[in-house]
Amino acid sequence: MTPASASPDAAPGTQPTPTLDVAAIRDEFPILAQEVHGKPLAYLDNAATSQKPRSVLDAIQHYYTHDNANVHRGLHTLAERATRDYEDARLKLARFVNTPDAAGVVFTRGATEAINLVAHSYARHHPTCALKPGEQVMVTEMEHHSNIVPWQIACEMTGAELVVCPVHDDGSLDLHRFRELLDAGSVKIAAFSAVSNVLGTVNPVAELVTRAKRAGAVTVVDACQAPAHQRIDVQRWGCDFLAISGHKMFGPTGIGALIAKPDKLAKMAPYQGGGEMISRVTFEKTTYNDPPHRFEAGTPNIAGAIAFGAAVDWLSQHDYKAIKAHEQTLIAAATEKLEQIDGLRLIGTAHGKAAVASFVVDGIHAYDLGPVLDRQGVAVRTGHHCCEPLMDRFGVPATVRASFALYNTLDEIDRLIDGLHKAIAFFR
């Protein structure tokens, strides 16, 4: 692994800004070396899913080649190795997000299941945490469907009410309205994103959590878009629940985690029933296992969890200051060049936003721009990005979204701009 190095241009007496060896990083991602339609791939769809370094791919292959066995059940060597590596991945993730107790790390299929787990538990008729008629769940206007629909279902089941905190025209959260909704006194759960997958807005998580806790609300943070770009510290944030997905932080698909305070998990009813989540089963009654295993029914995604741990190892070797500096260079360059295109409008311009550029072009549907860019080897996302209410807020049916990661380059931004000029010329 090539470490970040300091910039030689730093002024004397100042702390130099670390830089990334992007070429060395790209060499670790086999998929980036391919061509698409005869053009070098420029992968700019990282908010949807990030690519995987060799160490993650090797971890998957190693498990299936050498250690394939179920976890927590067998006493033979393969089962013991599989269980060791599975639980090691849990410990790695706990350290990565700075949670003090690995018992608060529940492996899930992804952030979607993690949020559903919390919503389902709070919809159950449980004396310590069930939602009640007259109580509210607050989400924000920028939320992904995965942080809207589960709460709608929970509210339908319990008689609670879903309320929405709006965003400003630049895509930043309306903090005044956030406080007003909490101060009204009926919000029991506040669920919000750390970073918007469409707007790139970076929310002040610690501030929002503090405000919610003062109002007596439980906090659920959708942090999917954060770990690949910024350090997560759940102790500093203070949130009750945090959901992440492995595939958005250079890990495999089909694996994620709910990070929670163990005392919160201990009060929650199981999300699913089956093997592993039990203490004892009779036909008359079942008693449940302690967290986190209470919420991991059945055979888990063992290879995914182990590879998730490998992704944590890989990402932990990089300096987040260097990642941020590089990605801010990318988004600044992309923004400047996109704004020069006639008829193009950026959606989401909040100060300090992440490396995400969503935009529309007058008279051309996003769905038409995407395939033309693909013919140039440029992979972007087109659509509503599982954020239809947000699209309605900005009065657009869809956007084109270019989202960057630490392995992207300024040359790839130039190729995006060139591709857009060709697409616009074609349709006009």
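Computation of the quantities below employed the complete heavy-atom set of this structure, encompassing side-chain atoms and omitting hydrogens, waters and symmetry-equivalent molecules.
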Option among Thr108, Ile255, Val106, Leu258 that satisfies the side-chain contact (heavy atoms from CB on, under 4.5 Å) test with Glu113: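 Single side-chain contact (heavy atoms from CB on, under 4.5 Å) partner of Glu113 among Thr108, Ile255, Val106, Leu258: Thr108.
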Evaluate the ring planes of [X] and [Y], with Trp represented by its six-membered ring, and classify them as parallel (under 30°), tilted (30 to 60°) or perpendicular (over 60°).
X: His384; Y: His145; answer: tilted
X: His72; Y: His293; answer: perpendicular
X: Tyr320; Y: Phe96; answer: tilted

Does [X] [atom1] have over 12 foreign heavy atoms under 6.0 Å away?
X: Glu35; atom1: CD; answer: yes
X: Gln61; atom1: CD; answer: no
X: Arg345; atom1: CZ; answer: no
X: Asp342; atom1: CG; answer: no

Minimum heavy-atom separation for Pro270 and Phe295, please, with both atom names.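 Result for this residue pair: CA-CE2, 3.9 Å.
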Could you pull out the closest heavy-atom pair between Asn197 and His144, with the gap in Å?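 Taking Asn197 first and His144 second, the nearest heavy atoms are ND2-CD2, 3.9 Å.
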So do the side chains of [X] and [Y] get within less than 4.5 Å of each other, counting heavy atoms only?
X: Ile259; Y: Phe241; answer: no
X: Leu410; Y: Ile413; answer: yes
X: Met142; Y: Leu173; answer: yes
X: Asp183; Y: Glu180; answer: no

Thr399 vs His385, side-chain hydrogen bond (donor to acceptor under 3.5 Å, both in side chains): CA-CA, chis, key distance, verdict: CA-CA 8 Å; Thr399 71; His385 317 295; 2.7 Å; yes
Carefully, step by step, assess Arg415 and Glu412 under the rule salt bridge (Lys or Arg N to Asp or Glu O under 4.0 Å). CA-CA 5 Å; Arg415 292 185 53 210; Glu412 291 177 320; 5.5 Å; no
Can a donor-acceptor pair be found between the side chains of His351 and Ser172 at a distance below 3.5 Å?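 No.
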Please tell me whether Asp240 and Thr219 have a donor and an acceptor in their side chains that are separated by less than 3.5 angstrom.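 Judged by distance alone, the side chains do pair up.
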Go through the steps for Asp169 and Arg393 under the test salt bridge (Lys or Arg N to Asp or Glu O under 4.0 Å), then give the verdict. CA-CA 9 Å; Asp169 289 344; Arg393 158 66 177 83; 2.7 Å; yes
Show your working on ring-ring contact (aromatic ring centres under 6.0 Å, His included) between Phe29 and Tyr43 and close with a plain yes or no. CA-CA 11 Å; Phe29 290 80; Tyr43 184 78; 10.0 Å; no
